[in-house]
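As the structure is a computational prediction, the values presented were derived from the model and not from experiment.
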Amino acid sequence: MSDLSRSGFLRPARSLLCAAAVLVAWPAHAVFIGNAQGGTDFPQGAISFADAVAAFAPAIKNGEPAPAVLGSANALGLPDYTTTSCPSAANCDYVSLGDGGSITLRFVDNRLTGSGSTAKDLWIFEVGPDIEDTFVEVSKDGSTWFAVGKVFGSTAGIDLDAYGFGTADQFAYVRLTDDGAEGGQSGATVGADIDAVGAISTVAAVVPEPGAWMLMAGGLAALAWARRRS
């Protein structure tokens, strides 16, 4: 599965380091973050938002959605939607999934968790004048997925605890799929239009310093050599 960031593919070394990340929590200091259609408080601020596109499978039928709204990287980072007007994919605030299409986003420097309460843990910024439902799934490894309901258009949240998850569950991936049985079935921006995805309940993924990483790798190599000798 490939990872795309706003600048292109994530370097393999970075992905490898992230896979070995140590997770720690931040102190909470809520910051309201939103766009022209609304928002909510994010205790950890800007780091809460998805950083990379892991997969994008738009449902394109008869040339719709239009190419200008198919920039998958426009779902990354902070919400910035102001208008549906998109002269090009490079100058658009959101991505349209098409009727039944999907996008999978990845948290690189943080992980989504439950909160241990009934508070919302995940916030989806679905934008535009049409209210379109979106199915939501989460995954720890990008392979095993858990359905956590759906959001009903505009900016809306999901409570992971309502689906049996808690603070010990740490998710790196969120997959959003347009509900093809609901909303408009055609148009230049058909399907759910995603501006951003943020983890309200989150912990940081701290990558070890390069020196510590090399020391760890050297230790593992020495251990393997010693085992072969014995």
For this session: Verify side-chain contact (heavy atoms from CB on, under 4.5 Å) between Glu126 and Thr134, making sure each step is shown before the conclusion.
Result: CA-CA 8 Å; Glu126 197 276 329; Thr134 310; 4.2 Å; yes
Exercise. Given Val197 and Leu176, is the side-chain contact (heavy atoms from CB on, under 4.5 Å) satisfied, shown in steps?
Worked result: CA-CA 10 Å; Val197 173; Leu176 306 176; 3.7 Å; yes
Problem set entry | Trace of the side-chain contact (heavy atoms from CB on, under 4.5 Å) decision for Phe56 with Val95 | CA-CA 10 Å; Phe56 182 43; Val95 58; 3.5 Å; yes
Problem set entry | Full working for side-chain contact (heavy atoms from CB on, under 4.5 Å) between Asn35 and Asp80 | CA-CA 5 Å; Asn35 58 22; Asp80 57 2; over 6 Å; no
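Remark: Gln37 CD to Asp193 CG distance equals 9.0 Å, nearest 0.5 Å. To the nearest 0.5 Å, atoms CD (Glu137) and OG1 (Thr104) are separated by 8.0 Å. Taking OG1 of Thr40 as the start and CD1 of Ile200 as the end, the distance is 4.5 Å to the nearest 0.5 Å. The distance from the CZ atom of Phe42 to the CZ atom of Phe32 is 9.0 Å, given to the nearest 0.5 Å. Atom OG1 of Thr84 is separated from atom CG of Asp130 by 9.5 Å, given to the nearest 0.5 angstrom. Residue Ser72 holds its OG atom at 12.5 Å from CD1 of Ile194, rounded to the nearest 0.5 Å.
Side-chain atoms of Tyr173 and Leu105, non-hydrogen and from C-beta on, never get closer than 4.5 Å to each other. A 4.5 Å side-chain heavy-atom check between Asp195 and Pro79 finds at least one atom pair inside the cut-off. The side-chain heavy atoms of Leu70 and Pro65, taken from C-beta on, include a pair separated by under 4.5 Å. Leu112 places none of its side-chain heavy atoms less than 4.5 Å from the side chain of Gln170.
For the pair Thr202 (side chain) and Ala199 (backbone), a donor-acceptor distance under 3.5 Å is absent. Between the side chain of Asn110 and the main chain of Phe107, no donor-acceptor pair closer than 3.5 Å is present. Looking only at distances, no side-chain donor or acceptor of Asp178 sits under 3.5 Å from a matching main-chain atom of Gly191. For Asp41 (side chain) and Ile33 (main-chain N/O), no donor-acceptor pair under 3.5 Å exists by modelled atom type. Side-chain atoms of Asn74 come within 3.5 Å of backbone N or O of Ala89 as a donor-acceptor pair.
Residues Ala205 and Arg111 share a closest heavy-atom pair of CB-NH1, 3.7 Å. Taking all atoms of both residues into account, the shortest heavy-atom contact from Asp99 to Ala59 is O-CB, 3.3 Å.
Applying the 4.5 Å side-chain rule to ILVMFWY residues, one finds Val69, Tyr94, Val127 in the same cluster as Tyr81.
Between Asp51 and Arg106 there is no salt bridge, since none of the side-chain N atoms of the basic residue sits less than 4.0 Å from a carboxylate O of the acidic one.
Taking the six-membered ring for Trp and thresholds of 30 and 60 degrees, Phe146 and Phe171 have ring planes more than 60 degrees apart, a perpendicular arrangement.
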Residues 113-120 side chain polar contacts: donor-acceptor under 3.5 Å, at least two apart:
| residue | atom | partner | partner atom | Å |
| --- | --- | --- | --- | --- |
| Ser115 | OG | Ser117 | N | 3.3 |
| Ser115 | OG | Ser117 | O | 3.4 |
| Ser115 | OG | Ser117 | OG | 3.1 |
| Ser115 | OG | Asp121 | OD1 | 3.0 |
| Ser115 | OG | Asp161 | OD1 | 3.2 |
| Ser117 | OG | Ala119 | N | 3.2 |

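Criterion: ILVMFWY side-chain heavy atoms under 4.5 Å apart, direct or through other members. Under it, Val190 and Ile124 are not part of a common hydrophobic cluster. Under a hydrophobic clustering in which Ile, Leu, Val, Met, Phe, Trp and Tyr are joined whenever their side-chain heavy atoms come within less than 4.5 Å, directly or via other members, Phe125 and Leu78 fall into the same cluster. Using a 4.5 Å cut-off between side-chain heavy atoms of Ile, Leu, Val, Met, Phe, Trp and Tyr, with links allowed through other members, Val148 and Phe135 fall into different hydrophobic clusters. A single hydrophobic cluster is not seen to contain both Phe152 and Trp123; linkage of ILVMFWY side chains at heavy-atom distances under 4.5 Å, directly or through other members, places them apart.
Under the 3.5 Å distance criterion, with hydrogens and angles disregarded, a donor-acceptor pair is assigned to the side chains of Asp93 and Thr82. Side chains of Ser139 and Asp141: a donor-acceptor N/O pair is present below 3.5 angstrom, by distance only.
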